[in-house]
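Written below as structure tokens is the structure these notes are about.
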Amino acid sequence: PADTEMSIELIRNQVNPDDMENVVIRSYYEALTAGNYAYEARITWPDDSQHWIRVKGVVLSDEKKNPYRMLGTVVDITESKRDEIRKNDFIAMASHELKTPLTSLKAYIQLLESKLPASSDPFIATALSKASNQVSKMTALVHSFLDLSKLEPGKLQLKKQAFDINKLVEEMIAESRAIFNTHMLQFKVTEPIMVSADKEKIGQVISNFISNAIKYSPKGSSVEITASVANSEAEVSVSDCGVGIRAKDREKIFQRFYRANEAAVKHVAGFGIGLYLSSEIIQRHKGRIGVESSEGKGSRFYFRLPLA
Ligand code: ADP
């Protein structure tokens with residue numbers, strides 16, 4: 001009610017503790033250097049109902065650059081947030097349900113392949129192997145939808161372990177070769193580079209870089225993958241000789257559903273979620289992700305992680 005006296009503690013207690021720690025405090029802290037803040041958080045009303053707010057503002061500083069005031073707005077976005085959550089739940093459910101039939105489809109194709117006598121019509125063998133590749137692609141897509149829905153606050157859990165990044169790169173290259181054998185994938189193993197990270201998720205990032213390099217470069221061209229150490233960080237990079245990315249798109253391709261240069265890549269299947277997921281995964285590991293590219297010549301995607 002308007003006549004209630006509110007202390008700063010009372011206000012803070014209304015904010016969901018998880019968001020308080022991971023979102024609110026962090027954005028105010030960053031605001032001191034960036035000069036502005038913007039975040040979304042969950043709050044509890046006096047009647048115990050849950051609401052979402054979007055907060056945006058600036059930090060005002062005096063001539064000596066000492067911050068003295070924060071000025072901003074708070075908007076209740078509960079309705080649109082509920083729609084978003086419903087949509088995400090639907091994606092999660094639908095992709096979860098699609099997983100099982102796909103797995104059995106894949107198993108049946110493999111069974112057929114193994115029962116096929118060597119002497120039979122070569123067309124059947126080719127058709128089965130193409131069917132199997134398409135099922136693998138679809139499975140990867142369904143998995144990425146599922147991951148997308150897990151990015152809700154607090155849902156993406158990292159299972160960290162120490163491992164050699166070279167080994168993981170090799171595994172991912174082997175997997176990619178099994179799905180696409182249209183490009184020359186080149187990689188030189190180095191000394192072991194140990195990182196402490198979620199192996200499966202970092203594997204997804206590598207595999208996403210490789211499949212993009214293949215998708216957006218001509219058949220038969222080469223894709224170079226490197227693993228290295230610089231400034232006590234591990235770096236993995238994937239370079240291709242493909243279509244490249246225009247400067248104005250370079251920042252945006254890490255956003256959800258963003259696809260650059262629609263006209264040129266119309267024939268390439270995709271939803272614009274791979275790089276968004278990759279960047280979320282790397283950020284949650286306190287790493288960095290980026291791209292260098294020159295249009296028409298090719299791109300180099302990389303990520304860096306702290307060494308173990
Ligand atoms: P998708 O490939 O499914 O569209 P991504 O999130 O993986 O989604 O990539 C987003 C966009 O970034 C792509 O649509 C494409 O325009 C651009 N892109 C990604 N990788 C490359 C690459 N290696 N070369 C050129 N463009 C790329």
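Ligands are counted one by one from 1 in listed order, and the atoms in each one are counted from 1 as well. Sequence positions, counted from 1, serve as the residue numbers for this chain. Model, not experiment: these values are computed from the prediction.
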According to ring pair (Phe, Tyr, Trp, His ring centres under 6.0 Å), who are the partners of His51, at least two apart in sequence or on a separate chain? Trp45

Ring centre gap for Tyr37 and Tyr28 strictly below 6.0 Å: yes

Mind telling me whether Phe254 and Phe301 have parallel, tilted or perpendicular rings, with 30° and 60° as the class edges? perpendicular

Note: ligand 1 atoms sitting under 4.0 Å from heavy atoms of Tyr258 are 10 (C), 11 (C)

The test is side-chain hydrogen bond (donor to acceptor under 3.5 Å, both in side chains); show your working for Ser217 and His183 and say whether it passes. CA-CA 9 Å; Ser217 70; His183 291 66; 3.3 Å; yes

Apply side-chain hydrogen bond (donor to acceptor under 3.5 Å, both in side chains) to Asp18 and Asn16, showing your working. CA-CA 6 Å; Asp18 194 33; Asn16 175 299; over 6 Å; no

Would you tell me whether Asn66 and Ser61 have side-chain atoms, one donor and one acceptor, within less than 3.5 Å of each other? no

So, Asp249 and Lys252, do they make that salt bridge, N to O below 4.0 Å? no

Atom indices of ligand 1, in the order listed, that fall short of 4.0 Å to a heavy atom of Leu275: 5 (P), 6 (O), 7 (O), 9 (O), 10 (C), 12 (O), 19 (C)

Strictly below 4.0 Å, N to O, side chains only: are Glu233 and Arg288 in salt-bridge contact? yes

Here the atoms of ligand 1 under 4.0 Å from any heavy atom belonging to Phe301 are 19 (C), 20 (N), 21 (C), 22 (C), 23 (N)

Can you sort out which atoms of ligand 1 are near Val243, meaning under 4.0 Å from one of its heavy atoms? 25 (C)

If you take the nearest heavy atom of each of Gly272, Cys241, Ser144, Ser279, which one is closest to atom 1 (P) of ligand 1? Gly272

Using a 4.0 Å cutoff against the non-hydrogen atoms of Lys215, which atoms of ligand 1 qualify? 1 (P), 2 (O), 3 (O)

Any nitrogen or oxygen of Tyr276 lying under 3.5 Å from a nitrogen or oxygen in ligand 1? Just yes or no. no

Per-residue contact class, Ile245 against ligand 1 - non-hydrogen pairs under 4.0 Å: side chain

Gly244: numbered ligand 1 atoms lying under 4.0 Å from its heavy atoms: 25 (C)

Best match, Arg259, Arg256, Lys252, Glu295: closest heavy atom to atom 4 (O) of ligand 1: Arg259

Flag the pair Lys159 and Asp198 as a salt bridge only when some basic side-chain nitrogen lies within less than 4.0 angstrom of an acidic carboxylate oxygen. no

Relative to the heavy atoms of Ile273, which atoms of ligand 1 are at a distance of less than 4.0 Å? 6 (O), 8 (O)

Here the atoms of ligand 1 under 4.0 Å from any heavy atom belonging to Asp240 are 22 (C), 23 (N), 24 (N)

Below the 3.5 angstrom mark, is there an N/O of Ala260, backbone or side chain, next to an N/O of ligand 1? yes

Based purely on interatomic distance, does Gly274 place a nitrogen or oxygen under 3.5 Å from a nitrogen or oxygen of ligand 1? yes

